[in-house]
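Values below: all heavy atoms of this structure, side chains included; hydrogens, waters and symmetry mates excluded.
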Amino acid sequence: MNRMLFLAALLVFPAMSAMATPVAEKPLMEGKPYAEQRLRIMSDLQGGEVYSEISAENRARVVDALGRIDALLGTGGHANLPEKDKIAVFNDQDLVNTLLTQAREDSRLVCRRERPVGSNRPQNICITVAARRQARENGADALRNLRISTQKVENP
């Protein structure tokens, strides 16, 4: 009997914790005032913290997409738009959400406790996800270049 209760609890708790996990809010969401969302996005882009790892090209693409949405929505709302314009707004909204969600994820700061080479005292090392990925790629490139250069020396 106790085993059955224990197994039931093991099955129920992960499902409950998955439901309680908040889903990251998209930068542009339908049903919320567009003007407020646009102001928040522009503020976050200029602030440099939330989207610190966004490239200049993607930043320009986001600003251009927001400008196109502004031009299509004008003073009217989404409901008054022709179907062709609704599709264009949806596509620009999806572009903005995709670029900013990726930039927000890349800008997330990850801290680890590490011991530097030659020391026994651990230190907190905090870098962004994008910087960690770049360091990993640079290390792989350096290793690949080292292998190529040693092969050339061995085969004269």
**Student:** As a quick check of understanding, evaluate side-chain contact (heavy atoms from CB on, under 4.5 Å) for Leu95 and Asn91, giving each step before the final call.
**Tutor:** CA-CA 6 Å; Leu95 174 70; Asn91 289 337; over 6 Å; no
**Student:** With clusters built from Ile, Leu, Val, Met, Phe, Trp and Tyr whose side-chain heavy atoms come within less than 4.5 Å, directly or transitively, what are the remaining members of the cluster of Met29, listed by chain and number?
**Tutor:**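 Result for Met29 is none, singleton.
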**Student:** Test of understanding: clusters of I, L, V, M, F, W, Y form through side-chain heavy atoms closer than 4.5 Å, transitively. Do Ile87 and Leu72 belong to the same one?
**Tutor:**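 No, Ile87 and Leu72 fall in different hydrophobic clusters.
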**Student:** Test of understanding: with side-chain contact (heavy atoms from CB on, under 4.5 Å), list the residues that count as partners of Glu49, not counting sequence neighbours.
**Tutor:**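 Glu49 satisfies side-chain contact (heavy atoms from CB on, under 4.5 Å) with no residue once adjacent residues are dropped.
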**Student:** Sequence neighbours excluded and cut-off under 3.5 Å, please list the side-chain donor-acceptor pairs for residues 50-57, or say none.
**Tutor:**
from	atom 1	to	atom 2	distance (Å)
Ser52	OG	Ser107	OG	3.3
Glu53	OE2	Thr128	OG1	3.1
Ser55	OG	Asn58	N	3.1

**Student:** Taking the side chain as C-beta and beyond, is there a heavy-atom pair between Leu28 and Asp94 under 4.5 Å?
**Tutor:**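 No. Closest side-chain heavy atoms not under 4.5 Å.
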**Student:** Indicate the atoms forming the closest heavy-atom contact of Leu45 with Arg59, along with that distance.
**Tutor:**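 So the minimum-distance heavy-atom pair works out to O-NH1, 2.6 Å.
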**Student:** Test of understanding: with side-chain hydrogen bond (donor to acceptor under 3.5 Å, both in side chains), list the residues that count as partners of Asn124, not counting sequence neighbours.
**Tutor:** Arg113
**Student:** Give, for atom CG of Leu99 and atom CZ of Arg61, the distance between the pair rounded to the nearest 0.5 Å.
**Tutor:**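 Spacing of CG (Leu99) from CZ (Arg61) equals 5.0 Å.
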**Student:** What distance separates Lys32 NZ from Glu36 CD, expressed to the nearest 0.5 Å?
**Tutor:**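 Going from NZ on Lys32 over to CD on Glu36, the span is 9.5 Å.
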**Student:** Can we say Arg144 and Asp141 salt-bridge, meaning some charged N sits less than 4.0 Å from an Asp/Glu carboxylate O?
**Tutor:**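 Yes, charged N to carboxylate O under 4.0 Å.
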**Student:** How long is the span from the CD1 atom in Ile69 to the OH atom in Tyr34, to the nearest 0.5 Å?
**Tutor:** 4.5 Å
**Student:** Using the side-chain hydrogen bond (donor to acceptor under 3.5 Å, both in side chains) criterion, which residues pair with Arg112? Sequence neighbours excluded.
**Tutor:** Glu114
**Student:** Got Asp44 and Arg104 here, is their nearest side-chain heavy-atom distance under 4.5 Å?
**Tutor:** no
**Student:** Does Met42 belong to the same Ile/Leu/Val/Met/Phe/Trp/Tyr cluster as Leu73, with side-chain heavy atoms less than 4.5 Å apart forming each link?
**Tutor:** yes
**Student:** Backbone N or O of Leu39 within a donor-acceptor pair of the Ser43 side chain at under 3.5 Å?
**Tutor:**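 The answer is no, because no donor-acceptor pair under 3.5 Å joins these two groups.
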**Student:** Under the disulfide bond (SG atoms under 2.5 Å apart) definition, can you give me all pairs with a residue in residues 81-123, not counting sequence neighbours?
**Tutor:**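 Listed once each, the pairs are Cys111-Cys126.
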**Student:** Residues in side-chain hydrogen bond (donor to acceptor under 3.5 Å, both in side chains) with Arg68, at least two apart?
**Tutor:** Asp92
**Student:** The criterion is side-chain hydrogen bond (donor to acceptor under 3.5 Å, both in side chains); which residues satisfy it with Arg108, sequence neighbours excluded?
**Tutor:**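 Partners of Arg108 under the side-chain hydrogen bond (donor to acceptor under 3.5 Å, both in side chains) test: Glu105.
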**Student:** Return the CD1 to CG distance between Ile41 and Asn97, rounded to the nearest 0.5 Å.
**Tutor:** 7.0 Å
**Student:** CG of Leu109 to CD1 of Ile127: how many Å apart, nearest 0.5 Å?
**Tutor:**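 If I round to the nearest 0.5 Å, the distance is 8.5 Å.
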**Student:** Hey, could you give me each pair passing salt bridge (Lys or Arg N to Asp or Glu O under 4.0 Å) that has a residue in residues 118-139? Not counting sequence neighbours.
**Tutor:** Asp106-Arg133
**Student:** Show which residues join Val129 in its hydrophobic cluster (side-chain heavy-atom contacts under 4.5 Å, direct or indirect), or state none.
**Tutor:** Val110
**Student:** Under the side-chain contact (heavy atoms from CB on, under 4.5 Å) rule, collect the residues that match up with Pro82, sequence neighbours excluded.
**Tutor:**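 If we apply the side-chain contact (heavy atoms from CB on, under 4.5 Å) test to Pro82, skipping adjacent residues, the hits are Asp85.
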**Student:** Does Arg38 have any salt bridge (charged side-chain N to carboxylate O under 4.0 Å, His left out) partners at least two apart in sequence or in another chain, and if so, which?
**Tutor:**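 Salt bridge (charged side-chain N to carboxylate O under 4.0 Å, His left out) check on Arg38 returns Asp70.
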